[in-house]
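Structure first, commentary second.
Side chains are part of it too, since the values below use all heavy atoms of this structure and drop only hydrogens, waters and symmetry mates. Values in this document were obtained by computation on a predicted structure and should not be read as measured data. Whatever order the structure lists them in is the order used to number ligands and atoms, beginning at 1.
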Amino acid sequence: MSQKKAAKPAAKKPAPALKTAKTKVAASSTKSHMTENRVFKPSAEFSKNARISSMAQYKRMYEESIKQPDKFFGREAKELQWTKPFSKVLDWKCPNAKWFTGGKLNVSENCLDRHLNGPRKTKAALIWEGEPGEKRVLTYQQLHREVCRFANVLKRHKVKKGDRVVIYLPMIPEAAIAMLACARIGAIHNVVFGGFSAESIKDRVVDSGATLVITADGGYRRGSVVPLKKNVDDALKGNDTTVKTVIVYRRTCQDVHIEEGRDVWWHRELEYVDAHCPAVAMDSEAALFILYTSGSTGKPKGILHTTGGYLLHAQMTCKYVFDMNDQDVYWCTADVGWVTGHSYMVYGPLALGATSLMYEGAPNWPENDRFWRIIEEYAVTIFYTAPTAIRAFMKWGDEWLKKHDLSSLRLLGTVGEPINPEAWMWYHNKVGGGKCPIVDTWWQTETGGHMITPIPGATPTKPGTATLPFFGVDTAIVDDLGKEVGTDEQGKLVIRKPWPSMLRGIWGDKKRYQDTYWSEFKGWYFAGDGARRDKDGNIWIIGRIDDVLNVAGHRLGTAEVESALVSHPSVAEAAVVGRPDEMKGQGIVCFVTVKEGIQTSRDLSDELKKHVRKVIGPVATPDEVRFAAALPKTRSGKIMRRLLKQIAAGEIIKGDTTTLEDINVIAQLVSSGED
Ligand code: WTA
């Protein structure tokens, strides 16, 4: 121990204890799960009609999927339509997986064409409702036609197999049409969430080397217009990207700038094309899309997904986890800009020939019952949403639900973050009327589809656990050395075998792919989440153990927010941590030191919040900015996030502070929040 530090008078003071918790402790499942004894078995009626109707059946299938993956997945993959059959199920050289090698298929053909030869031709593929209330239904036949036409528009603009196309659209059918059109001609789409800023678009355009951007004049959100085209204009300012063409869909009809020679209107372009567009046969391992997600360093990573394995997993999970049938009206509330929108609004349900509902706007517009209104009106049978939304509904009160008939629902799902048992129970009783199984699905952008989840006709569920692994998913919870931890002990979640929809890389960064996912434990995929397994084998996800935040189910890197903060001229240094938040799961707290001569003030704190919002997007808006003279650092200069997290959460500082360089810093930080 350093003599220098011991000599400092401040070091003699005990670490300050902070007893005044300002934020209520989060709706986290971690405390209660050790004692959670409520078990909900699927009803006999649900099980009777389900594809998998008992634990014995699940276990048999799971065992086969792990012990004989070639047999299991080879059989399942035959349900896809292959232009050329595959010769081998899996070719695995860690960390590179090739699934269904030799096979050729097209995702859009699987999602559309193959449903046109029977009664599904006239069935609703997409049901859409705009926030202002417009309604559209696209049958499989109509969706196929629109996709073919738009694919021809892309071809007209010289988009070829392997080219990258950025899609920055609101939640309108054209988002699905654009994705499927790219898939049809073998272009790689890169959907950017409409809540991201111009700078975030630019980063993604540049990193992916996109040549074409598809956007709209605007989108509706909570009664106002999000200026999407304006954001694209700002992103492309200076003409220093590879983008040659911007296709603009007219949605909100306000005036927008049209850059001569670059921008064209979607509806005009359609006038030049017909509806005949054969699907290109793609290698099973050809890239399908890139989707950027946050990691623990500043730069978001372009997660790469490919064709055959991804589609199989998306279809299979819709079949077994959502137990989707031709009669179902299925609604996933996720935005198409996140992986959930990709796999579970577009690709999975359409591959299976189901009806997928899409809603453009906010859940509380014009009133708090918009979702329940939609469920009633369209007789939604399967509803998939996020815990953060469920907690908001709970807060808004049961009377909004009571106004509506939700009896069409037969299955509920959640995704995005751990669900706290109170929210689970409310969802079960109030939304599901006590009769619908809940599938709490754990997965990630990287995994492409569900990884740990109940099978609704088989698995006994407990509020707060995602329960058991899906087929082919070999999970383990291990300590730092890779040794499995005991029952109820916390460890790191790893996956020990490749699975069909696993990411195939990080766009343009092989080394980062290897380092991020495959280096902590050799040969195993490291998910970045902490977890425990209870005595019944159920897996309880604790949450991220890296520097990634999960704010209202959205992933954000602390480093991303920090670099946005330090790009402000007043900021010298910043450290960002999550703090438990009753509604959002986690809130964003920023500890900031300012440059010499800068006065801290409430105005500056507001300005910094706005600045982060501008740089990354509204999803990243900080909840709190705390100014400090210095940040707590170890003597080797590392910021002690553990302490900052405790301070942000208003907890008593626990653990070892002996490596801290200057203990005074802590006292200042604690008091900086007490204004
Ligand atoms: C978290 C979203 C607990 C987890 C599909 C993961 C969950 C991150 C759950 C991935 C769940 C997702 N229970 N935590 N059911 N689902 N997570 O990439 O921390 O946006 O690592 O993918 O969300 O977020 P992503």
For W331, all residues meeting ring-ring contact (aromatic ring centres under 6.0 Å, His included), sequence neighbours excluded: F371, F383
Please list, chain by chain and in numerical order, all residues satisfying ring-ring contact (aromatic ring centres under 6.0 Å, His included) with Y168, sequence neighbours excluded. none
Looking only at the aromatic ring of each residue, does the gap between the centers of H342 and H305 stay below 6.0 angstrom? no
For the ring pair Y525 and W499, is the centre-to-centre distance below 6.0 Å? yes
Atom pairs and distances, side-chain donor-acceptor, residues 313-320, under 3.5 Å, sequence neighbours left out:
residue	atom	partner	partner atom	Å
H313	NE2	H450	O	2.8
Q315	OE1	R114	NH2	2.6
T317	OG1	H313	O	2.6
T317	OG1	A314	O	3.1
T317	OG1	Y344	OH	2.6
K319	NZ	E76	OE1	2.9
K319	NZ	E79	OE1	2.9
K319	NZ	E79	OE2	3.0
Y320	OH	E76	OE2	2.6

If we check salt bridge (charged side-chain N to carboxylate O under 4.0 Å, His left out) with R391, which of these qualifies: E417, E582, E422? E417
Name the residues in contact with ligand 1, where contact means a heavy atom under 4.0 Å away: which are they? V339, T340, V415, G416, E417, P418, D440, T441, W442, W443, Q444, T445, D529, I541, R544, N550, R555
